[in-house]
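Only one structure is covered here, and it is reproduced in the block below.
Numbering of ligands and ligand atoms starts at 1, following listing order.
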Amino acid sequence: MHTVLITGGAGFIGQNLVHAWRDARPSDRLVVIDAMTYAANLRSLEPLIAERSIAFVRGDINDAALIRALFDEHRFTRVAHLAAESHVDRSIDDPEAFLQTNVLGTFTLLKSALDHWREAALLDRSRFLHVSTDEVYGSLGLDDPAFTEASPYRPNSPYAASKASSDHLVRSFVATYGMPALITNCSNNYGPYQHPEKLIPLMIIHALEGKPLPIYGDGSNVRDWLHVSAHCEALINVIERGRVGETYNIGGGNERNNRDVVGLICDTIDRAFVADSGLSARFPACPAASGKACRSLISFVTDRPGHDHRYAIDARKLESELGSRSHVDFSDGIGRTVHWYLDHEPWWRDITSGAYEAWIDRNYGARSVIQAKNLRA
Ligand code: NAD
Ligand code: TDX
């Protein structure tokens, strides 16, 4: 039995991890800390907090006194560190918060965990899992081999640079202080509770509302899509069975370019409207409500600066050492995700009002439309 600190537990992957952890290890005690930035949402955790099956602390990982007090109170022997600023476009717009949370916040957490584990003589039975990204490795050409754990670090966005810095800090704590830490670098996640600023939910919601689907550049950029449920399963496996000091890459085995991803979302929504006549009344602005193709909304817009062309993950280390190979078929995963957003309209309506609208204006308002075309044509 462990007492586990999950940082960023009110974010997209964090919420999914809390639920997955409770299902997989019901006897562990979970404490979530989250600063409740714009990206956080407690709705799915509220029942667990109310029935006291998890504890929630609203707080900042930069607050050293708070973190130390939590370690002293709960004597954590597991830390799953997910708290971060996570959106590449926001890091381009305003990078400072990324350095503050992703670099300095990670440092504060590492230092507090190390101090506590040393003083309480818990170093031997504790583990710190640092959740990072494949973006630290930079960009691949279409024919390049996938990233391995030995790939050089070549971050291209302020977000990726901040995550790379945090990975280096973790590595240095292992080498210098014997910190019992592990690092995972995963590919693009998708699934329930993802903030609508990210590609897949943004496209689903815009299609339902009949708004343009803004694909950056020519849409040939490739990501390896990892269903969040498979990711969480791998994270629990790594923290329990991984070798301390090691890095494990986690991928989805689903490389797709953005044009194909958006096309698949559109086709999935079109089919959902045919299967369920009630959707047309709920989402009258969606082209599918009047029998038209959602692909008609696709619009190619000014590219993201420094846009990485391709990410691909070689996950053989994770598979051979830890036996993790839970892959979700991409069409199935997108089908389930589209239906999740159809079934959770109040969840995303809350998020997409107010400050989010200002972000959409800021990020997309200045992009010109390069070309608008129906991909079916
Ligand atoms: P997210 O933005 O949805 O959630 C991040 C959470 O961290 C939010 O709840 C936010 O309130 C919290 N947070 C931010 N700053 C904080 C601070 N200073 N103190 C405490 N909490 C703070 O992100 P996500 O997509 O769930 O990503 C989780 C982790 O996984 C991040 O470290 C991210 O870099 C990494 N990651 C994500 C993906 C992906 O595709 N989503 C891929 C690779 C790696
Ligand atoms: O409106 C859009 N149009 C578009 O074409 C948005 C939001 C994105 N894109 C493109 C950019 C990327 O090629 O889609 C792709 C995916 O974009 P994001 O969802 O912003 O993800 P990405 O930049 O790849 O980063 C994600 O994966 C790695 C997460 O946001 C990071 O937190 C994670 O580390």
- Task: Starting from the C-alpha separation in whole Å, work towards a yes-or-no answer on salt bridge (charged side-chain N to carboxylate O under 4.0 Å, His left out) for Arg241 and Glu321.
- Result: CA-CA 9 Å; Arg241 301 178 48 234; Glu321 276 190 26; over 6 Å; no
- Of all protein heavy atoms, the one nearest atom 38 (C) of ligand 1 is Ile13 CD1, 3.8 Å
- Query: Does Lys198 approach ligand 2 within less than 4.0 angstrom via side chain, backbone, both or neither, non-hydrogen atoms only?
  - Reply: both
- Where is the nearest protein heavy atom to atom 5 (O) of ligand 2: which residue, which atom, and how far? Tyr216 N, 2.8 Å
- Provide the number and element of each atom of ligand 1 under 4.0 Å from a heavy atom of Asn188. 40 (O)
- Message: I'd like to know if Lys163 contacts ligand 2, where contact means a heavy-atom distance under 4.0 Å to any ligand atom.
- Response: no
- Note on the structure: Here the atoms of ligand 2 under 4.0 Å from any heavy atom belonging to Tyr364 are 1 (O), 2 (C), 6 (C), 7 (C)
- Query: Of the listed options (Asp134, Leu199, Asn188), which comes nearest to atom 9 (N) of ligand 2 when hydrogens are ignored and any heavy atom counts?
  - Reply: Leu199
- Item | Protein heavy-atom partner closest to atom 1 (P) of ligand 1 - residue, atom, separation in Å | Ser86 OG, 3.5 Å
- Among all protein non-hydrogen atoms, which one is nearest to atom 20 (C) of ligand 1, and what is the separation to 0.1 Å? Ala35 N, 3.2 Å
- Task: Any atoms of ligand 1 less than 4.0 Å from a non-hydrogen atom of Ala10? List them with their elements.
- Result: 9 (O)
- Query: Using the ring of each side chain (for Trp, its six-membered ring), is Tyr193 parallel, tilted or perpendicular to His344, with breaks at 30° and 60°?
  - Reply: perpendicular
- Please confirm whether Tyr159 comes within less than 3.5 Å of ligand 2 when only nitrogen or oxygen atoms on both sides are compared. yes
- Going by atom types only, do His231 and Asn189 share a side-chain donor-acceptor pair under 3.5 Å? yes
- Note on the structure: Residue, atom and distance of the protein heavy atom nearest atom 3 (N) of ligand 2 read Pro214 O, 2.8 Å
- Answer yes or no: is there an ion pair linking Asp167 with Lys163, defined by an N-O contact shorter than 4.0 Å? no
- Looking at Asn257, Asp308, Asn254, which one forms a side chain to side chain contact (heavy atoms under 4.5 Å, CB included) with Arg223? Asp308
- Message: Is it the case that the ring center of His87 lies less than 6.0 angstrom away from the ring center of Tyr159?
- Response: no
- Query: Are any of the N or O atoms of Asp60 closer than 3.5 Å to those of ligand 1?
  - Reply: yes
- atom 34 (O) of ligand 1: nearest protein contact (heavy atom, Å): Tyr159 OH, 2.7 Å
- Message: Could you work out, for atom 39 (C) of ligand 1, the closest of Asn189, Asn62, Asn41 by heavy-atom distance?
- Response: Asn189
- Task: Check each heavy atom of Met36 against ligand 1 and say whether those closer than 4.0 Å belong to the side chain, the backbone, both or neither.
- Result: backbone
- Item | Numbered atoms of ligand 2 (with element) below 4.0 Å of His87, judged on heavy atoms | 20 (O)
- If you count the atoms of ligand 1 from 1 in the order shown, which ones are under 4.0 Å from a heavy atom of Val131? 30 (O), 32 (O)
- Message: Under a 3.5 Å cutoff, is there a donor and acceptor pairing between the side chains of Thr184 and His130?
- Response: no
- Message: Heavy atom to atom 7 (O) of ligand 1, shortest distance: which of Gly11, Ala84, Ser162, Ala40 holds it?
- Response: Ala84
- Query: Does a donor on one side chain and an acceptor on the other come within less than 3.5 Å for Thr7 and His81?
  - Reply: yes
- Message: Using the rule given for salt bridge (charged side-chain N to carboxylate O under 4.0 Å, His left out), can you reason through Glu135 versus Arg154, listing the C-alpha separation, both sets of side-chain angles and the distance that settles it, and then say yes or no?
- Response: CA-CA 8 Å; Glu135 303 204 9; Arg154 293 195 172 112; over 6 Å; no
- Is the shortest N/O to N/O distance between Leu202 and ligand 2 below 3.5 Å? no
- Output the list of atoms in ligand 1 that are nearer than 4.0 Å to some heavy atom of Gly59, sorted by atom number. 19 (N), 20 (C)
- Message: Taking distance alone, with N or O pairs closer than 3.5 Å, would you say Tyr311 contacts ligand 2?
- Response: no
- Protein heavy-atom partner closest to atom 43 (C) of ligand 1 - residue, atom, separation in Å: Cys186 SG, 3.0 Å
- Message: Hydrogens and angles aside, do Arg22 and Ser53 bring a side-chain donor and acceptor to less than 3.5 Å of each other?
- Response: yes
- Closest protein heavy atom (residue, atom, distance) for atom 32 (O) of ligand 2: Ser86 O, 2.8 Å
- Residue and atom name of the nearest protein heavy atom (relative to atom 28 (C) of ligand 1), distance in Å to one decimal: Leu82 O, 3.5 Å
- Which pair of heavy atoms, one from Pro287 and one from Ala207, lies closest together, and at what distance? CD-O, 3.8 Å
- Query: Would you call Arg362 and Glu357 a salt bridge, using N to O less than 4.0 angstrom?
  - Reply: no
- Please identify each residue that fulfils side chain to side chain contact (heavy atoms under 4.5 Å, CB included) with Asn363, with sequence neighbours left out. Asp89, Tyr216, Trp359, Arg367
- Indicate whether any N or O donor in one side chain lies under 3.5 Å from an N or O acceptor in the other, for Asp361 and Tyr364. no
- How far is atom 9 (O) of ligand 1 from its nearest protein heavy atom, and which residue and atom name does that atom have? Asp34 OD2, 2.6 Å
- Message: At less than 4.0 angstrom from any non-hydrogen atom of Ala39, what atoms of ligand 1 do you find?
- Response: 2 (O)
- Query: Passes side chain to side chain donor-acceptor pair (under 3.5 Å), Ser139 versus His309? Steps please.
  - Reply: CA-CA 6 Å; Ser139 182; His309 194 67; over 6 Å; no
- Item | atom 25 (O) of ligand 2 - nearest protein heavy atom and its distance | Glu135 OE2, 2.6 Å
- Message: Does the Lys NZ or Arg CZ of Arg90 fall within the cation-pi geometry relative to Tyr38 - under 6.0 Å from the ring centre and within 45° of the axis?
- Response: yes
- Task: Please identify which atoms of ligand 2 are closer than 4.0 Å to at least one heavy atom of Ile215.
- Result: 5 (O)
- Pick from His307, Glu197, Arg304: the one approaching atom 20 (O) of ligand 2 most closely through a non-hydrogen atom: Arg304
- Return yes or no for this condition: an N or O of Lys163 is under 3.5 Å from an N or O of ligand 1. yes
- Message: Ignoring hydrogens and geometry beyond distance, is a side-chain donor-acceptor pair present between Tyr248 and Asn237 at under 3.5 Å?
- Response: no
- Query: Can you tell which part of Asn258 has a heavy atom less than 4.0 Å from ligand 2: side chain, backbone, both or neither?
  - Reply: side chain
- Is it possible for you to say whether Val131 and Phe76 belong to one hydrophobic cluster, with membership spreading through side-chain heavy-atom contacts below 4.5 Å? no
- Which of parallel (below 30°), tilted (30 to 60°) and perpendicular (above 60°) describes Tyr153 and His168? tilted
- With side chain to side chain donor-acceptor pair (under 3.5 Å) as the test, would you mind laying out the steps for Thr247 and Glu149 before giving the verdict? CA-CA 6 Å; Thr247 291; Glu149 292 78 1; over 6 Å; no
- Message: Evaluate Ser132 for polar contact with ligand 1, using N/O atom pairs at a separation under 3.5 Å.
- Response: no
- Close-contact set for ligand 1 against Thr133 heavy atoms, below 4.0 Å: 43 (C), 44 (C)
- Under a 4.0 Å heavy-atom limit, does Ala97 contact ligand 1 with its side chain, its backbone, both, or neither? neither
- For atom 10 (C) of ligand 1, what is the nearest protein heavy atom, given as residue, atom name and distance? Thr37 OG1, 3.2 Å
- Note on the structure: For Thr133, the ligand 2 atoms with a heavy-atom partner under 4.0 Å come out as 28 (C), 33 (C), 34 (O)
